[in-house]
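All remarks here apply to the structure that follows.
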Amino acid sequence: MSRVIHVSRRMLHKRPTPLIDEIIRVDHAGELGADRIYAGQMAILGNSKMGPTIQHMWDQEKEHRRKFEVLINKYRVRPTVMTPLWNVMGFALGAGTALLGEKAAMACTVAVETVIMDHYNDQLRQLMADPTTDQDLLATITKFRDEEQEHHDIGIDCGAEQAPFYQAITEVIKVGCKTAIAISKKV
């Protein structure tokens, strides 16, 4: 008698390349951070006139996070060990800038999304150079990059550049985001 063995699709999926492993780990971490930033902004500004705008961006970020959680499982990628810290720091960044006012919250959005768009563009260049790239992953990153551009533009349209100390706020946040990216790629 022959025995039928059922193997899940997840088990059949081969291990990702080091590049794909890194991309999925860091993008999962980034989307978690973005989710938490908007959660912090909503905690402070959810009942203000900016509430619906922030909610729209947060809803998109929650979808980005869900997709990368699926990809983490599909490719069996280990999430960054920094996840608990990024969770807390993201919320604190969102709430902290929102406490400074709507324009400061939008300055935070502009800074974060500027770094993320550049990061996604770098990834897209790397992925497009490889003819074996998973087209679903390429389409996902392209779509999310375009939505991050939308969030950046919303932040500008909502007065981010009029925030007190705009240049200082955005530069500090950009350095923080770049540092989080570098750490999340490896650990």
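Bear in mind that the values here come from a model prediction, so they are computed numbers and not experimental data.
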Output, in order, the C-alpha distance, side-chain angles, deciding distance and verdict of side-chain hydrogen bond (donor to acceptor under 3.5 Å, both in side chains) for His151 and Glu147.
CA-CA 6 Å; His151 301 170; Glu147 290 175 353; 5.7 Å; no
Short side-chain donor-acceptor distance under 3.5 Å, Tyr38 and Asp59
no
Could you check if a side-chain atom of Lys143 sits within less than 4.5 angstrom of a side-chain atom of Thr140, using non-hydrogen atoms only?
no
Without hydrogens or angle criteria, can the side chains of Gln149 and Asp153 be said to hold a donor-acceptor pair below 3.5 Å?
yes
For Gly94, is there any backbone N or O sitting under 3.5 Å from a side-chain donor or acceptor partner on Thr97?
yes
Within-4.5 Å side-chain heavy-atom neighbours: Thr109 and Ile154
no
Give a yes or no on whether Met82 atom CE has more than 12 heavy-atom contacts from other residues, nucleotides or ligands under 6.0 Å away.
yes
Determine, for Glu102 against Lys49, whether the closest basic-nitrogen to carboxylate-oxygen distance falls under 4.0 angstrom.
yes
Closest non-hydrogen atoms of Ile20 and Leu127, given as atom of the first, atom of the second and distance, are CD1-CD2, 3.5 Å
Flag yes if Leu85 and Val187 sit in one hydrophobic cluster, no otherwise; membership is Ile, Leu, Val, Met, Phe, Trp, Tyr, and two members link when side-chain heavy atoms are under 4.5 Å apart.
yes
What class does the angle between the rings of Phe68 and Tyr120 fall in, given that below 30° is parallel, 30 to 60° is tilted and above 60° is perpendicular?
parallel
Is Asp21 paired with Arg76 through a side-chain N to carboxylate O contact shorter than 4.0 Å?
no
Under the side chain to side chain contact (heavy atoms under 4.5 Å, CB included) test against Gln123, which residue among Asp118, Ile141, Leu19 passes?
Ile141
Answer yes or no: is there a donor N or O on one side and an acceptor on the other, between the side chain of Asn73 and the main chain of Glu69, under 3.5 Å?
yes
Distance-only donor-acceptor check, side chains Trp86 and Thr80, under 3.5 Å
no
Given 3.5 Å as the limit, does a donor-acceptor pair link the side chain of Arg25 with the main chain of Arg78, or not?
yes
Treating Ile, Leu, Val, Met, Phe, Trp and Tyr as nodes and any side-chain heavy-atom pair under 4.5 angstrom as an edge, say whether Val110 and Met117 lie in one connected cluster.
no
Donor-acceptor under 3.5 Å (Gln41 side chain, Ala105 main chain)
yes
Judged by atom type as modelled, is there a donor-acceptor pair below 3.5 Å linking the side chain of Ser48 to the main-chain atoms of Met50?
yes
For His64, run the side chain to side chain donor-acceptor pair (under 3.5 Å) check against Gln60, Lys62, Arg66, Glu61 and tell me which one passes.
Glu61
Rounded distance [0.5 Å steps], CG in Leu138 versus OG1 in Thr133:
6.5 Å
